[in-house]
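Just dropping this structure here.
Hydrogens, waters and symmetry mates are skipped; everything else that's a heavy atom, side chains included, is used.
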Amino acid sequence: MKRAPTSKPSAFSKEQIAAAIAAAPEKVKDAECPYDPNDADAVAAYWAKGKVRLPGQRGVQRLPTKVAVTIRYSAEVVEYFKSTGEGWQTRMNDALREYVKRHRAA
């Protein structure tokens, strides 16, 4: 049984990739970046702080963007948003956010 490819084929030829690698500088210097990939100690310190996650595991959320609540809507409202397809909860949130925006400004 032949397996399907796990990734999309590259848009670049092997020759183009080899030429780009050959043209890349040996060392990278960026004054705005405190991390120096050319400094072995910096690389070791960076990876020492790393956390291993298994595929499918989420990392710690940096800033909570949403609040979990239990709420009841009329069947008509829920049916309407569900009928719009996948992502209906996001669209419902966007509609409520727009409502808040309009009414805060008033």
Side-chain angles (χ1 to χ4, degrees):
M1 172 163 80
K2 188 174 180 181
R3 293 181 147 223
T6 58
S7 62
K8 294 180 182 177
S10 174
F12 301 101
S13 69
K14 289 181 180 181
E15 292 79 18
Q16 289 172 312
I17 294 170
I21 291 170
E26 275 299 311
K27 294 200 173 225
V28 176
K29 294 199 181 212
D30 183 356
E32 295 180 15
C33 180
Y35 174 76
D36 181 3
N38 302 306
D39 178 3
D41 293 333
V43 172
Y46 174 82
W47 287 108
K49 292 187 272 181
K51 302 267 187 214
V52 176
R53 285 193 318 223
L54 297 175
Q57 285 183 326
R58 289 186 58 179
V60 176
Q61 201 172 9
R62 292 192 178 133
L63 292 173
T65 57
K66 297 186 179 176
V67 178
V69 296
T70 301
I71 191 166
R72 295 173 187 260
Y73 292 109
S74 69
E76 177 185 16
V77 170
V78 174
E79 285 172 20
Y80 169 78
F81 279 97
K82 278 187 172 183
S83 73
T84 63
E86 192 172 324
W88 67 271
Q89 290 169 314
T90 300
R91 283 189 293 282
M92 183 183 248
N93 187 64
D94 293 344
L96 289 168
R97 184 179 288 132
E98 184 61 34
Y99 176 89
V100 169
K101 186 177 170 182
R102 276 187 276 132
H103 286 78
R104 275 194 180 153

request  = Could I get the full list of side-chain contact (heavy atoms from CB on, under 4.5 Å) partners for E98, not counting sequence neighbours?
outcome  = K101, R102

query = Hey, what do you get for OH (Y73) to CD (E79), rounding to the nearest 0.5 Å?
reply = 15.5 Å

message = A quick test of your reading: do over 12 heavy atoms of other residues, nucleotides or ligands sit less than 6.0 Å from CD of E76?
response = no

query = Between V100 and M92, is there a shared hydrophobic cluster once you connect ILVMFWY residues whose side-chain heavy atoms come closer than 4.5 Å?
reply = no

request  = Decide yes or no on side-chain contact (heavy atoms from CB on, under 4.5 Å) for R97 and D94, but give the supporting numbers first.
outcome  = CA-CA 5 Å; R97 184 179 288 132; D94 293 344; 3.5 Å; yes

request  = Work out which heavy atom in F81 is nearest to a heavy atom in W88; give both atom names and the distance.
outcome  = O-CB, 2.8 Å

inquiry  = Distance check, rounded to the nearest 0.5 Å: Q57 atom CD versus K51 atom NZ?
reply    = 12.5 Å

ask   = Does V77 share a hydrophobic cluster with I71, counting links as ILVMFWY side-chain heavy atoms below 4.5 Å and allowing steps through other members?
value = yes

request  = Check side-chain hydrogen bond (donor to acceptor under 3.5 Å, both in side chains) between T84 and all other residues, then give those that pass, not counting sequence neighbours.
outcome  = R91

